[in-house]
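These values consider heavy atoms only, across backbone and side chains, with no hydrogens, waters or symmetry-generated copies. When a ligand or atom number is given, it counts from 1 through the structure's own listing order. Bear in mind the structure is a predicted one, so any value in this text is a computation, not a measurement.
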Amino acid sequence: MTNLKWWQTALFYQIYPRSFADGNGDGIGDFIGMTAKLDYLKDLGVDAIWLSPHFPSPNWDWGYDVSDYCNVAPEYGTLDDFKLFLDETHQRGMRLILDLVLNHTSNEHAWFLESKSSRDNPKADWYVWADTPPNNWQSCFDGSAWTYVPERGQYYYHYFMKQQPDLNWRNPQVKQAMWDAVRFWLDLGVDGFRLDALGTIYEDPDLTPHDVPLTMVELRRLSDTAKTPAETRLRDKYWRDMFKHQWGGPGLHDLMKELRAILDEYEGDRMLVGEDDDIAYMGDGNDELQLVFNFPLMRTRQITPPHIRKNQKERLSQLDALPVRGWPCNTLGNHDCSRLHTAFGDRIHDAELARLNAALVLTLRGTPFFYNGEEIGMTDLLITDPSKLRDTMATWYYDQAVNELSVDAAEAADHAARMTRDKNRTPMQWSAAPNGGFSPLNVETWLPVHPNHAEGINVKDQKDNPASLLNYYKRLIHVRKSTPALVEGEYTPLAVRSQEYFAFLRTLGPSTAPLHGSAQGGQTVLVVLNYSDQRQAMKLKVSGFKTARVLFSSSGRSKADEALASLTVGAFEVLIAELKP
Ligand code: GLC
């Protein structure tokens, strides 16, 4: 039988709790709602859930400003509601990982309230304090990274917004308190954590100032106006330079080892996935995080065959070079970025490209992560009325642009609508009913429901339509699960010069133990993703194989055997075939 761990074979699905399912009809998602949707997730083929923060929070950053690490936000329910959700998840054979925000707390957390109350209270050193701002560091959300507190007559440091003070991780008591919280959830039975913004935990101890000649709002403005290659290069350089001293300071590897050791005390292969693409955070491959995301795959305007091949080459060689071979992890969307359907569309073939990209995440080597709603093709919603924005980062930018930079209000609103993360956090669209079946009619949902819920972008309409995106996802997930080579096979690119299609093999050698214990073990699977609007004749040659037995095709070709050498793929077709001699 296979030696793989559950997190290597699992398909993960990110739930953004505020927007997933409203069980009590108040316009906000909650645990009762989520629990009622577990059968939907099981039926889709989900194996594990990553739950974005569900802790009490004043919601300046919608849960990423935690005010109590061992409880549940009242708007989501009670701890008992959480336990029921966890239990029902496990009963269906699924796992649950939580979001762990280590870098900072809310400024309303009891630790911070105590720390800011005086210079000599027991928690005086739990955050990062200075008499005067020691440098020009910026908060990536709202201007200076140093905010004054009159009670102490001092400034505290915050990488994110001023409502998110950074913890002082050099203080052992901070570690102890946070590890207690980690144990609290592990004791309840959660299967692991997604580590939020881990790169920001330690800063440059020399507090080196940055040398970017712009304020934060000017940099954001430049991000909007940069057009020429020179301007975009400068923009990227400024973003890197502005924050490079506030990231990746010494100490993180030891900290991650400590955290990993705690998880390893528990049974059940509890796991950590980092919100970072740096493979260094996997340590030797077995002593820090189990997974980090392959963000470079999604850091592009367009997903193209050359981009994917380059990404895989770099990524897999780095992972392979770890002392204990690292396991990849792929995703094309989350609550911080434009939705897959919008981000990688070309406005003409968005639907076709979304299908190709879903297939990409499900067939590449590694653990796939989906973001809630992508399986029905939810798209970004541009909220052009600034008073309706909920993401503080965007409201701050809008106010600053208008008041400090005298940007025209309509132009600032337009930029705010595009940069805000509200656009990709709107409520899940369960049906064509008013409010998308998320909340009852006449309830004002916390963010507006995308009007396209009434045009087929919803679960109910897609469920019974065999041609829907939802059923496409289900079929593909099923093919992945029933094809061992797609889960654990090696990756070999084919036709490496094609600009139009991305073809590759996933190969499970006969010596490798098969996932489902099939008799002969070996399996070679061909995957072709045609990113062009033209039919492609591929003339593929794979030594030892003459026949392609079709396992899946997005163009409804019959599941017959085809001659490998004369195989063609239609425009935007996804083809998965098992190769035979
Ligand atoms: C991470 C989260 C993001 C949040 C930030 C601060 O990047 O994904 O949503 O705003 O950390 O916690």
For this session: Would you mind running through ligand 1 and noting each atom that sits below 4.0 Å from a heavy atom of H335?
Result: 2 (C), 3 (C), 8 (O), 9 (O)
For this session: Could you tell me which atoms of ligand 1, counted from 1 in the order shown, lie closer than 4.0 angstrom to a heavy atom of H104?
Result: 6 (C), 12 (O)
Exercise. Near R421, which atoms of ligand 1 are under 4.0 Å from a heavy atom of that residue?
Worked result: 3 (C), 4 (C), 9 (O), 10 (O)
For this session: Using the six-membered ring wherever Trp is involved, compare the ring planes of Y156 and W129 and label them parallel, tilted or perpendicular (cut-offs 30° and 60°).
Result: perpendicular
Exercise. Which protein heavy atom lies closest to atom 9 (O) of ligand 1, and at what distance to 0.1 Å?
Worked result: D336 OD1, 2.7 Å
For this session: Quick one: look at R425 and ligand 1, take heavy-atom pairs under 4.0 Å, and tell me if it's side chain, backbone, both or neither.
Result: side chain
Exercise. With E411, which residues qualify under salt bridge (charged side-chain N to carboxylate O under 4.0 Å, His left out), at least two apart?
Worked result: R221
For this session: Not counting sequence neighbours, which residues clear salt bridge (charged side-chain N to carboxylate O under 4.0 Å, His left out) with R183? List them please.
Result: E265
Exercise. Any side-chain heavy-atom pair from P205 and P250 closer than 4.5 angstrom?
Worked result: yes
For this session: Check whether any side-chain heavy atom of F55 sits under 4.5 Å from a side-chain heavy atom of V101, and report yes or no.
Result: no
Exercise. In the protein, which heavy atom is nearest to atom 1 (C) of ligand 1, and how far is it?
Worked result: D196 OD1, 2.7 Å
Exercise. Does at least one non-hydrogen atom of M393 fall below 4.0 angstrom from an atom of ligand 1?
Worked result: no
Problem set entry | Flag, side chain of D30 to backbone of G33, donor-acceptor distance under 3.5 Å | yes
For this session: Would you please determine whether F141 falls within less than 4.0 Å of ligand 1 on a heavy-atom basis?
Result: yes
For this session: Identify which one of H158, M161, M216 satisfies the side chain to side chain contact (heavy atoms under 4.5 Å, CB included) criterion when paired with F141.
Result: M161
Exercise. Who's closest to atom 4 (C) of ligand 1 heavy-atom-wise, of D61, D391, T392?
Worked result: D61
Exercise. Any non-hydrogen atom of R194 lying under 4.0 Å from ligand 1?
Worked result: yes
